[in-house]
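Comments concern the structure below.
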Protein chains: 2
Amino acid sequence: MDIKTLCLGMLTSGEATGYDLKKRFEGTFSHFYTAGYGSIYPALADLAESGMVTCTEVAEQGKPAKKIYRITDMGTESFKKSLGGNDCPCHKVKSEFLAMMYFAQFMDPKQVSGLLQHRLQHIESTLDMLKTITAETSNEQTGPAFVRGFGETILKAAHDYISAYKIEQGSTSDHQLPGTRQDASGQ
Amino acid sequence: MDIKTLCLGMLTSGEATGYDLKKRFEGTFSHFYTAGYGSIYPALADLAESGMVTCTEVAEQGKPAKKIYRITDMGTESFKKSLGGNDCPCHKVKSEFLAMMYFAQFMDPKQVSGLLQHRLQHIESTLDMLKTITAETSNEQTGPAFVRGFGETILKAAHDYISAYKIEQGSTSDHQLPGTRQDASGQ
DNA sequence: TGCAGCATGTAATTTGTTACATGATTAA
DNA sequence: TTAATCATGTAACAAATTACATGCTGCA
């Protein structure tokens with residue numbers, strides 16, 4: 001599924017600007033998809049050109065005119081069809097974190113520790129964000145609820161696993177000074 | 001981290017051909033990175049050209065000459081440096097599965113069920129593969145062990161989550177016939 | 001005084017995927 | 001006889017990232 005289809009899907013729940021969609025990619029969608037302005041704006045332009053969405057310009061002062069996009073009936077149809085025609089959707093992970101951890105033996109133990117700490121913090125902030133969104137949303141539909149729950153589950157499992165490993169390393173090994181442990185300077 | 005660096009890293013544990021590396025991408029690495037021949041072969045050619053690896057051709061009958069790659073000292077140095085210069089490694093998920101599930105309301109319940117079933121099976125086969133690799137490997141180093149354990153943990157958590165959701169849907173709702181449930185035709 | 005937020009977009013570059021091209025051996 | 005395994009590679013294509021370009025408002 002490309003960004004274009006995803007933008008179209010997002011518009012099924014109401015009008016939005018490119019800027020709005022970006023915020024969604026940073027929110028609920030952030031744990032399973034990424035997209036920047038460089039893909040969102042061209043996607044919306046394409047969708048408008050092919051009649052999937054309409055675009056209403058609203059003049060703003062001191063900013064470029066706001067472009068409000070709304071999905072058309074054709075757009076909704078097309079979106080449903082693209083959902084229907086995919087019974088083998090992929091789920092891919094691309095992790096520099098795991099790749100580096102795989103080669104931990106080539107790294108300074110301090111760097112490894114920093115890496116783990118960094119990842120834990122990232123997981124925690126994502127988890128916080130998901131919680132905030134849940135609190136703000138009422139009457140959540142099963143789809144979004146499933147996806148959010150999935151994210152929370154996986155994130156918690158990852159957090160537990162990394163935490164357990166850190167404790168194990170901290171207590172068993174000698175390559176980390178007991179007094180200095182959990183220092184984790186790098187951010 | 002690009003495929004080139006990853007190939008270089010893989011070669012730290014011994015000589016290999018492009019074909020060998022592809023198999024590794026299908027094995028231990030499959031749950032956090034993907035790469036096809038189209039990226040591996042050019043990567044190895046680049047590495048050889050820049051002196052990171054050496055290449056020995058061994059003639060074979062009925063096949064193209066086998067090219068055995070070995071990492072050089074310069075290659076090892078370069079690899080260590082690229083590991084050291086990355087204290088904020090990303091961990092990205094790109095999931096068509098979750099994207100589709102987010103929009104479950106636009107899909108036929110049967111398709112949703114098939115989607116879940118399909119994902120469960122994929123998780124199971126990946127888990128089996130990881131188990132097989134573990135059985136075959138003795139004296140595993142901490143890096144690879146951490147990564148494999150991470151994969152198992154996350155995969156199990158995902159499996160449990162999806163299974164629990166299927167049961168919930170199967171028992172509570174009326175949009176699935178009790179007699180036909182868990183049929184999951186699509187593969 | 002400076003930064004974050006709002007708001008849009010383009011162009012070059014990077015990166016990886018897909019399809020193509022070849023061809024012997026071996027097990028089912 | 002059919003498919004899988006071994007074994008290499010290229011060229012066209014698709015997709016997304018990054019850097020660039022602009023500029024007001026409001027808060028600290």
Side-chain angles (χ1 to χ4, degrees), chain A residues 1-8 15-27 29-30 32-50 53 55-69 82 86 88-96 99, chain B residues 1-8 15-27 29-30 32-50 53 55-69 82 86 88-96 99:
Chain A
M1 180 149 23
D2 57 11
I3 305 295
K4 221 163 105 178
T5 312
L6 225 59
C7 287
L8 193 59
E15 60 180 41
T17 64
Y19 196 84
D20 293 334
L21 295 186
K22 175 75 198 310
K23 277 189 292 184
R24 286 230 235 161
F25 273 108
E26 285 162 355
F29 284 71
S30 69
F32 64 96
Y33 247 100
T34 44
Y37 292 123
S39 7
I40 296 169
Y41 285 124
L44 286 171
D46 276 12
L47 288 169
E49 204 190 353
S50 53
V53 301
C55 174
T56 313
E57 281 192 59
V58 179
E60 300 267 300
Q61 21 167 232
K63 296 174 214 174
K66 189 189 276 192
K67 290 188 174 180
I68 299 171
Y69 292 92
S82 62
N86 189 357
C88 178
C90 70
H91 176 88
K92 237 189 274 184
V93 179
K94 180 173 185 166
S95 178
E96 283 186 2
Chain B
M1 183 148 19
D2 57 11
I3 305 293
K4 222 165 101 179
T5 311
L6 226 60
C7 288
L8 192 58
E15 60 180 42
T17 65
Y19 196 83
D20 293 333
L21 294 186
K22 175 76 198 309
K23 277 189 291 184
R24 286 229 235 161
F25 274 109
E26 284 163 355
F29 284 72
S30 69
F32 66 95
Y33 248 100
T34 44
Y37 292 122
S39 7
I40 295 169
Y41 285 122
L44 287 171
D46 277 11
L47 288 169
E49 206 190 349
S50 51
V53 300
C55 174
T56 313
E57 282 192 58
V58 179
E60 300 267 299
Q61 21 170 233
K63 296 173 213 174
K66 189 190 274 192
K67 290 189 175 179
I68 299 170
Y69 292 93
S82 64
N86 190 356
C88 178
C90 69
H91 176 90
K92 238 189 274 184
V93 179
K94 181 172 183 168
S95 178
E96 282 186 5

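Computed over heavy atoms, backbone and side chain alike; hydrogens, waters and symmetry mates excluded. Chain letters run A, B, ... following the sequence lines, proteins first, then strands; residues in each count from 1.
Rounding to whole angstrom units, OH of residue B:Y19 and P of D:dG9 are separated by 14 Å. Look at NZ on A:K23: it is 17 Å from P on C:dA4, rounded to the nearest Å. In this structure, A:E96 places its CD atom 13 Å from C1' of D:dT17, rounding to the nearest Å. Straight-line distance from the CD atom of A:E26 to the P atom of C:dA4: 14 Å, rounded to whole Å. The separation between A:L44 atom CG and C:dG9 atom P is 8 Å, rounded to whole Å. To the nearest angstrom, C1' of D:dT8 lies 16 Å from CG of B:D46. Taking atom NZ on B:K22 and atom C1' on D:dT5, their separation rounds to 12 Å, with Å as the unit. C:dG9 atom P lies 8 Å from atom CD of A:E57, rounded to whole Å.
Of the candidates C:dT10, D:dT5, D:dT10, the closest approach to any side-chain atom of A:P42 belongs to C:dT10. Distances from the side chain of A:Y41 to the nucleotides D:dC6, C:dT8, C:dT10 place C:dT8 closest. Side-chain atoms of A:E60 lie closest to C:dA7 of the nucleotides D:dA7, C:dT8, C:dA7. Between C:dG9, C:dT8, D:dG9, one nucleotide has an atom nearer to the side chain of A:K66 than all others, and that is C:dT8.
Annotation: the terminal axes of the helix from C:dT1-D:dA28 to C:dA28-D:dT1 meet at 50°, where each axis is the rotation carrying the C1' atoms of four end pairs onto the next four (5 pairs per end, rounded to 10°).
Taking the salt bridge (Lys or Arg N to Asp or Glu O under 4.0 Å) definition, one finds that B:K22 meets it with B:E26, sequence neighbours left out. By the side-chain contact (heavy atoms from CB on, under 4.5 Å) test, B:A45 is found to be paired with no residue, residues two or more places apart in sequence or in another chain being considered. In this structure A:S82 satisfies the side-chain contact (heavy atoms from CB on, under 4.5 Å) test together with A:T5, A:F79, sequence neighbours excluded. By the salt bridge (Lys or Arg N to Asp or Glu O under 4.0 Å) test, A:K4 is found to be paired with A:D46, residues two or more places apart in sequence or in another chain being considered. Applying the side-chain contact (heavy atoms from CB on, under 4.5 Å) criterion to B:A65, with sequence neighbours excluded, gives B:E57.
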Could you write nucleotides 12-26 of chain C as a row of B, S and -, 5' to 3', where a protein heavy atom under 4.0 Å of any base atom gives B, of only sugar-phosphate atoms gives S, and otherwise -? ----SBB----BS--
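Residue pairs satisfying the salt bridge (charged side-chain N to carboxylate O under 4.0 Å, His left out) criterion with at least one member in residues 35-44 of chain A, sequence neighbours excluded, are absent. Sequence neighbours left out, not one pair with a member in residues 32-42 of chain A passes salt bridge (charged side-chain N to carboxylate O under 4.0 Å, His left out).
In plain terms, the two heavy atoms of B:F25 and B:T34 that are nearest each other are CD2-C, 4.5 Å.
Contact annotation for A:A45: no contact, since no heavy-atom pair falls under 4.0 Å across all strands.
Note: B:F29 and B:F32 have tilted aromatic rings, judged against thresholds of 30 and 60 degrees for the angle between ring planes.
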